[in-house]
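Order of the sequence lines sets the chain letters (A, B, ...), proteins ahead of strands, with each chain counted from 1. Bear in mind the structure is a predicted one, so any value in this text is a computation, not a measurement.
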Amino acid sequence: MNNKYRTHNCNELRKEHVNTDVLLSGWINKKRDHGNLLFIDLRDNYGITQCIIDKENLNFIQLEKTQLETVVSIEGKVINRSKETINSEISTGEIEVSIKNFKILGTCKELPLPVFSDQEYAEDIRLKYRFLDLRRKKIHENIILRSKVISFIRNEMNKNGFLEFQTPILTSSSPEGARDFLVPSRLNPGKFYALPQAPQQFKQLIMVSGFDKYFQIAPCFRDEDARADRSPGEFYQLDLEMSFVEQEDVFKVVEKLMVNTFKEFSDKKLLFDKFPRISYKEAMLKYGTDKPDLRNPLVINDITEIFLREDVKFDIFKKLVKSGSIVRCIVTKNTKDKPRSFFVNIDKWAKEQGASGLAYFTIEKDEIISAKGPVGKFFSSESLGEIMKLTGAEKGDSLFLACSKQKEIEKITSQARNKIAEDLNLFDNNVFAFCWIVDYPMFEKDETTNKIEFSHNPFSMPQGEIDQLNFDEPLNILAYQYDIVCNGVELSSGAIRNHIPELMYKLFSIAGYEKKVVDNKFSGMINALSFGAPPHGGIAPGIDRIVMLLADEKNIREVTMFPMNQNAQDLMMNAPSDVSDKQLKELNISLKSKK
RNA sequence: GGGGGUGUAGCUCAGUUGGUUAGAGCGAUCGCCUGUCACGCGAUAGGUCGAGGGUUCGAGUCCCUUCACUCCCGCCA
């Protein structure tokens, strides 16, 4: 590299360059002005080089007045630093550049937020001035990491014989799933395209087209409300699909890819090199969620049966159990000496979450087993023995109990599991704990409408021989449907697909879709499946979440270059925005007047 | 749509029980300083205390409404 802007970048110069004349360009990261001597830290994408100038130089006065973040080119000679002034924090710290001449390439107004600072800033300012924010060290490195992760993954996929294809961004709206982003069609007045929520149908069509193994770093668009780990609007998936495969074949490819990627880009250990497999049912019982954080050793146990015993006098729970509630508990090991406040705080916290609180007691043993704590007196020695058998609890352990209907109890025990583990400091933050969640039910019952719905992906293949499936009890049908979860983050979900049209019609009819509707809404798919479709399956790991875990960030916007805010607005580009009447007219759209 | 948190100088924040002229650090401007690397020292400018209303002799502080940001619930095949 040698042009009118630079001979070297800001992370290149070392001892061996001493006495060479160099030309550097970059941003003024920091100035230290000693009046007659001025230090300038010049920064570019690659690093920082200290440059120095003194009063003798005619440029001194102008350079002294130059704002931080001004872009300059600096001409000078590389010189040695004396031993005491070596800066071991930066890789160019053994040398500095003695400035002969400099030129301003891009001026800078007063900064709305400092670039050189580790401080945290309000997100709206960061998003409005994202180009400045992105100069800051941590996020700059996150974005570079993201680029490297993506090219690593792409390379791995290519090595494994996957072909990368693009699929349409303007496609049709589908009835299942999240809200669509719609795009009006000018040439077809009154009709709309939808942005794809995922290239789901296309990747299946690619298999039907005989391409065998496909992948894509695919943008996906869903009009959902945001969360810390969910950008509003758009996100990226490593979308992949394979023909003539069983669930195991997909697992093999993806597990290896995940292990390689996480080993390549993080120093954290993998808790399991072989990902444990947990059925959906087991996950919901033991962890209360289908995205359990397995760094957390606590598990949930069902002890409903205890409350049917005569020698248990805990009447509130007993009454609830009689009316269909269930009781689940979390055992904490050896917590008998924890202060009262530990227990009270967790109970209080549970109430803040909208639950009716968490009952608790600690198991003790002098002559006989007893329970200490506000509700301890309700349990006979024998019943406690039974609880210990059911839960594996021992003397000195404590139990936190919740009683309510299934959905609620799953929610509160799942949250409590994390809360208690946090309070007890049980999380190992230096590991990644992956697992597969498998055997998802094909259908579930909507609690309010009582209707049978697809619980996940309507295109999944049900488990078992087709002629032996019992469609009369659809809630018992499991699917070849699976998720990867890491540290409590849902990283991907996938399935072996249903490639048999008759079976698809059947499943859709259970979910209340007539054949006509299926033919209409999924015309491309259903049509294709009747012209010789291979058995196939795939998965789609979320790129943003993978990078978020690797960068050790809690928020997905920290690994997204230009994210929108929680209200799905781009504060930098001013999107969404008004459009002209002419544009609306062309699209055959008229707006209801705003209230 | 609902719940929690936050909102004071360009930025990050402090501000007591409601009490005189609302403070600090960074940044900006000016001055001093030849070995710093978060350089140091001194001075100056910079405020609709998110907005509106109310209580009060008096509101950054209490009450009501509202807006913005954020976290969570709903939502996310």
Side-chain angles (χ1 to χ4, degrees), chain A residues 29-42 48-57 60 64-65 67-69 79 81-90 92-93 96 98 108-129 132-133 174-180 197-198 200-201 220-233 235 291 352-354 407-408 411-412 415 440 442-444 447-448 453-460 479 481 490 493-495 507-508 511 513 521-522 540 542 554-555 557 565-567 569 571:
Chain A
N29 191 55
K30 191 73 189 158
K31 285 190 298 185
R32 289 174 295 281
D33 188 353
H34 290 235
N36 294 314
L37 180 70
L38 172 66
F39 295 97
I40 286 187
D41 289 340
L42 194 68
I48 284 178
T49 301
Q50 175 167 284
C51 304
I52 182 168
I53 187 169
D54 71 16
K55 215 174 188 172
E56 307 296 304
N57 191 306
F60 184 86
E64 196 183 27
K65 290 196 190 314
Q67 287 260 9
L68 295 185
E69 293 306 309
I79 57 175
R81 292 207 207 181
S82 66
K83 221 179 200 167
E84 321 81 70
T85 61
I86 286 173
N87 182 356
S88 55
E89 309 257 302
I90 54 174
T92 59
E96 60 197 3
S98 172
C108 180
K109 298 198 286 192
E110 190 177 341
L111 296 165
L113 69 122
V115 170
F116 174 71
S117 166
D118 292 330
Q119 218 154 13
E120 302 207 19
Y121 301 97
E123 196 132 20
D124 39 351
I125 292 168
R126 292 182 57 196
L127 293 182
K128 181 165 179 194
Y129 298 97
L132 288 177
D133 190 38
S174 70
E176 289 282 322
R179 230 174 265 118
D180 284 316
Q197 296 186 22
Q200 178 64 39
Q201 295 190 58
C220 304
F221 306 89
R222 296 178 192 176
D223 189 2
E224 306 162 317
D225 286 352
R227 290 287 183 279
D229 65 351
R230 200 167 79 196
S231 288
F235 60 95
K291 37 182 182 177
E352 282 165 8
Q353 305 308 304
K407 274 242 156 121
E408 282 166 62
K411 193 175 140 199
I412 189 63
Q415 290 174 324
Y440 276 84
M442 190 82 215
F443 298 101
E444 64 188 5
E447 279 195 335
T448 48
E453 296 181 335
F454 287 110
S455 74
H456 253 67
N457 185 328
F459 304 119
S460 298
Q481 166 85 44
E490 184 190 319
S493 95
L507 296 171
F508 267 98
Y513 292 94
K521 288 292 180 188
F522 305 102
K554 291 210 160 49
N555 192 305
R557 293 185 296 272
N565 70 5
Q566 197 168 41
N567 296 324
Q569 298 159 341
L571 299 176

> Under 30°, 30 to 60°, or over 60°: which ring-plane class applies to A:F508 and A:F522, parallel, tilted or perpendicular?
Replying inline: tilted

Spacing of [X] atom [atom1] relative to [N] atom [atom2], expressed in whole Å:
{"X": "A:L37", "N": "B:rG35", "atom1": "CG", "atom2": "C1'", "value": "6 Å"}
{"X": "A:R126", "N": "B:rC11", "atom1": "CZ", "atom2": "P", "value": "15 Å"}
{"X": "A:L132", "N": "B:rG27", "atom1": "CG", "atom2": "P", "value": "16 Å"}
{"X": "A:Q566", "N": "B:rG5", "atom1": "CD", "atom2": "P", "value": "16 Å"}
{"X": "A:E120", "N": "B:rU12", "atom1": "CD", "atom2": "C1'", "value": "11 Å"}
{"X": "A:R227", "N": "B:rC75", "atom1": "CZ", "atom2": "P", "value": "10 Å"}
{"X": "A:F60", "N": "B:rG35", "atom1": "CZ", "atom2": "P", "value": "12 Å"}

>> Here's a test of your reading of the structure: between A:P114 and A:P458, which maps to the more 5' nucleotide of RNA chain B?
In response: A:P114

>> Any carboxylate oxygen within less than 4.0 angstrom of a Lys/Arg side-chain nitrogen, looking at A:R126 and A:D133?
In response: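 Yes.
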
> Is the closest basic N to carboxylate O distance between A:R230 and A:D225 below 4.0 Å?
Replying inline: no

> Reading nucleotides 36-44 of chain B 5' to 3', which nucleotides get B (base under 4.0 Å from a protein heavy atom), which S (sugar-phosphate only), which -?
Replying inline: BBSB-----

> Can you tell me how far SG of A:C51 sits from NZ of A:K31, rounded to the nearest 0.5 angstrom?
Replying inline: 13.5 Å

>> Looking at the base of B:rC76, is there any donor atom on it, or on the side chain of A:R222, that sits under 3.5 Å from an acceptor on the other one?
In response: no

> Which part of the nucleic acid, if any, lies within reach of A:N565 when heavy atoms closer than 4.0 Å are counted: base, sugar-phosphate only, or nothing?
Replying inline: sugar-phosphate

> Listed by chain and number, what are the side chain to side chain donor-acceptor pair (under 3.5 Å) partners of A:E224, not counting sequence neighbours?
Replying inline: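 A:E224 satisfies side chain to side chain donor-acceptor pair (under 3.5 Å) with no other residue.
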
>> Which heavy atom of A:G494 sits nearest to which heavy atom of A:Q481, and what is that distance?
In response: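 In terms of heavy atoms, the two residues are closest at O-NE2, 3.2 Å.
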
> Just the dot-bracket of RNA chain B, please: which string comes out with Watson-Crick or G-U pairs under 3.5 Å, [ ] for crossing, | for another strand?
Replying inline: (((((((..((((.....[...)))).(((((.......))))).....(((((..]....))))))))))))....

> In whole Å, what separates the C1' atom of B:rA9 from that of B:rG5?
Replying inline: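 Rounded to whole Å, the distance is 23 Å.
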
>> For a side chain to side chain contact (heavy atoms under 4.5 Å, CB included) check, start with the C-alpha distance between A:L571 and A:N565, then their side-chain angles and the critical distance, and finish with the verdict.
In response: CA-CA 8 Å; A:L571 299 176; A:N565 70 5; 3.8 Å; yes

>> Can you tell me if A:R81 has over 12 outside heavy atoms packed within less than 6.0 Å of its CZ?
In response: yes

